[in-house]
Amino acid sequence: MPKAQETVLEIDLSALKHNFEYLKSKLQKETKFLAVVKAFAYGNDADDIALYLQDLGVDYFAVAYTSEGVALRNAGITKPILVLHPLPVSFHTIIERCLEPSIYNWKVLNEFLEVATEKNQKHYPVHVKFNTGLNRLGFDLEDIETIHSKTNSTEAIHIKSIFSHLAASEDLKEKEFTEQQISTFKTITETFTKVFNYAPFLHLSNTSGILNYPEAHLDMVRSGIGLYGFGNSEEENKNFKPIAKLKSVISQIHRIEKGETVGYNRAYKSEEAITTATIPIGHADGIGRQYGQGKGFVIIDGKKAPIVGNVCMDMIMVNITGIDCEEGDEVIIFDGAHTAEDLANAANTISYELISAISQRVKRVIKK
Ligand SMILES: *Cc1c(COP(=O)(O)O)cnc(C)c1O
């Protein structure tokens with residue numbers, strides 16, 4: 001049995017390269033690639049991942065919030081960074097750090113124009129977001145004329161791209177809805193080009209859009225989850241390599257007699273004698289309480305050890321009855337074989353949630 005010392009999230013950059021190259025192989029040569037590195041690159045490690053992807057030749061980065069873009073600039077990212085959900089309070093910082101805002105409603109358009117003008121900007125690059133059915137952020141087709149009249153009289157900003165976001169590109173039962181989104185976006189882009197008399201670049205596809213809707217690749221694609229090793233389907237998962245391995249260690253082993261309870265609220269009552277191992281990872285590290293009560297599990301000596309009782313803030317207890325192991329042995333929470341998606345599914349959630357929740361307390365180790 002391999003030994004371990006602490007809880008570590010190990011990031012394998014060669015797996016990241018594999019995923020990037022697989023996604024690129026789906027694209028036309030001229031299609032640009034935007035890497036979505038919001039939320040610490042989905043909980044992995046934004047700085048090292050973005051720097052590596054910059055070396056591999058990605059064209060663009062995206063983050064959700066301005067502070068994430070600032071962190072990337074501080075880490076040495078020089079490629080353009082799209083901020084998907086900037087809030088007006090951060091517009092000065094956006095311009096100071098050369099970040100490119102998504103403009104998704106009138107308040108954002110008006111306030112960004114004001115700040116760009118006040119800061120004497122000329123043709124500051126912005127990206128206009130349209131809503132085609134996700135109903136989350138974005139303008140509608142009918143807004144194009146007014147966007148034009150508001151921006152036509154100033155040189156402060158330049159609309160570099162227009163984009164939208166697919167709601168269910170991973171779900172082939174929703175093919176008709178996705179095709180409707182693609183067609184709505186096409187109408188929007190044609191109208192925009194007519195009204196503005198130039199063609200900004202266009203982007204619509206996330207990872208599953210890349211895999212399932214080649215006709216929606218347009219000028220650029222935006223991939224997050226695929227880079228980190230998940231294809232959102234059993235078939236596609238085979239083509240990706242999860243980049244992260246989350247491992248920990250057995251801190252202590254207990255024998256629990258029949259009738260005893262384990263953990264807070266005495267949530268587990270043993271009906272037979274079992275052996276448990278206490279592992280130093282809990283809900284403060286991103287393993288939420290939904291993984292407790294036998295739903296979630298870890299892997300010890302290649303075998304599944306289900307979580308017993310409630311997840312604590314800093315620890316879980318798992319059932320190791322019948323598993324040959326001792327204190328100090330390595331514990332796998334997820335890796336390339338026992339994936340974050342399998343674990344997430346066991347608690348009725350998705351890989352995105354599990355991986356992006358791994359908290360900053362967990363030590364990151366980058367494997368070059
Ligand atoms: C998060 C996000 C993406 C990335 O989606 P994946 O499914 O992870 O590839 C792309 N576009 C927008 C607007 C997003 O918010």
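Every value quoted in this text rests on a predicted model; they were computed, and no experiment measured them. All heavy atoms count here, side chains included; hydrogens, waters and symmetry mates do not. All ligand and atom numbering here is 1-based and tracks the order in the structure.
Where the criterion is an N or O separation shorter than 3.5 Å, residue side chain and backbone included, Gly224 meets it with respect to ligand 1. The shortest N or O to N or O distance between Tyr352 and ligand 1 is below 3.5 Å. Checking only distances, Ile225 does come within under 3.5 Å of ligand 1, N or O to N or O. For ligand 1, the polar-atom distance check against Asn232 finds no nitrogen or oxygen pair separated by under 3.5 Å. For ligand 1, the polar-atom distance check finds no N/O of Ser223 at less than 3.5 Å from any of the ligand's N/O atoms.
The side chain to side chain contact (heavy atoms under 4.5 Å, CB included) check on Asp45 picks up Asp47, Asp48, Arg364, Ile366, with sequence neighbours excluded. Take Leu141 and apply the side chain to side chain contact (heavy atoms under 4.5 Å, CB included) test, not counting sequence neighbours, and it matches Ile144, Thr187, Ile188, Thr191.
Put simply, no part of His203 is less than 4.0 Å from ligand 1, judged by heavy atoms. For the pair Tyr42 and ligand 1, a heavy-atom separation below 4.0 Å is found.
Every atom of ligand 1 is numbered from 1 in the order shown, and the set under 4.0 Å from a heavy atom of Val36 is 1 (C), 3 (C), 4 (C), 10 (C). Which parts of ligand 1 touch Arg136 is read off a 4.0 Å heavy-atom cut-off, strictly below it: atoms 15 (O).
A donor-acceptor pair shorter than 3.5 Å can be found between the side chains of Ser161 and His127. Side-chain polar atoms of Thr93 and Thr66 form no donor-acceptor pair below 3.5 angstrom. Donor-acceptor pairing under 3.5 Å is recorded for the side chains of Lys119 and His92.
Summarising the contacts of atom 5 (O) of ligand 1 with Ile210, Asn206, Val37, the nearest heavy atom is found in Asn206. Proximity annotation for atom 2 (C) of ligand 1: of Lys38, His85, Arg222, Lys38 comes nearest, heavy atoms only.
Annotation for Asp324: atom CG does not count as buried by contact number, only 12 or fewer foreign heavy atoms lying within 6.0 Å.
Using a 4.0 Å cut-off between charged nitrogen and carboxylate oxygen, Arg361 and Asp314 count as a salt-bridge pair. Looking at Lys238 and Glu236, no side-chain N of the basic residue comes within less than 4.0 Å of a carboxylate O on the acidic one, giving no salt bridge.
Distance from atom 12 (C) of ligand 1 to its nearest protein heavy atom, with residue and atom name: His165 CE1, 3.4 Å. Atom 9 (O) of ligand 1 has its closest protein heavy atom at Thr207 OG1, 2.6 Å.
Lys304 forms a cation-pi arrangement with Phe297, by the criterion of a distance under 6.0 Å to the ring centre and an angle within 45° of the ring axis.
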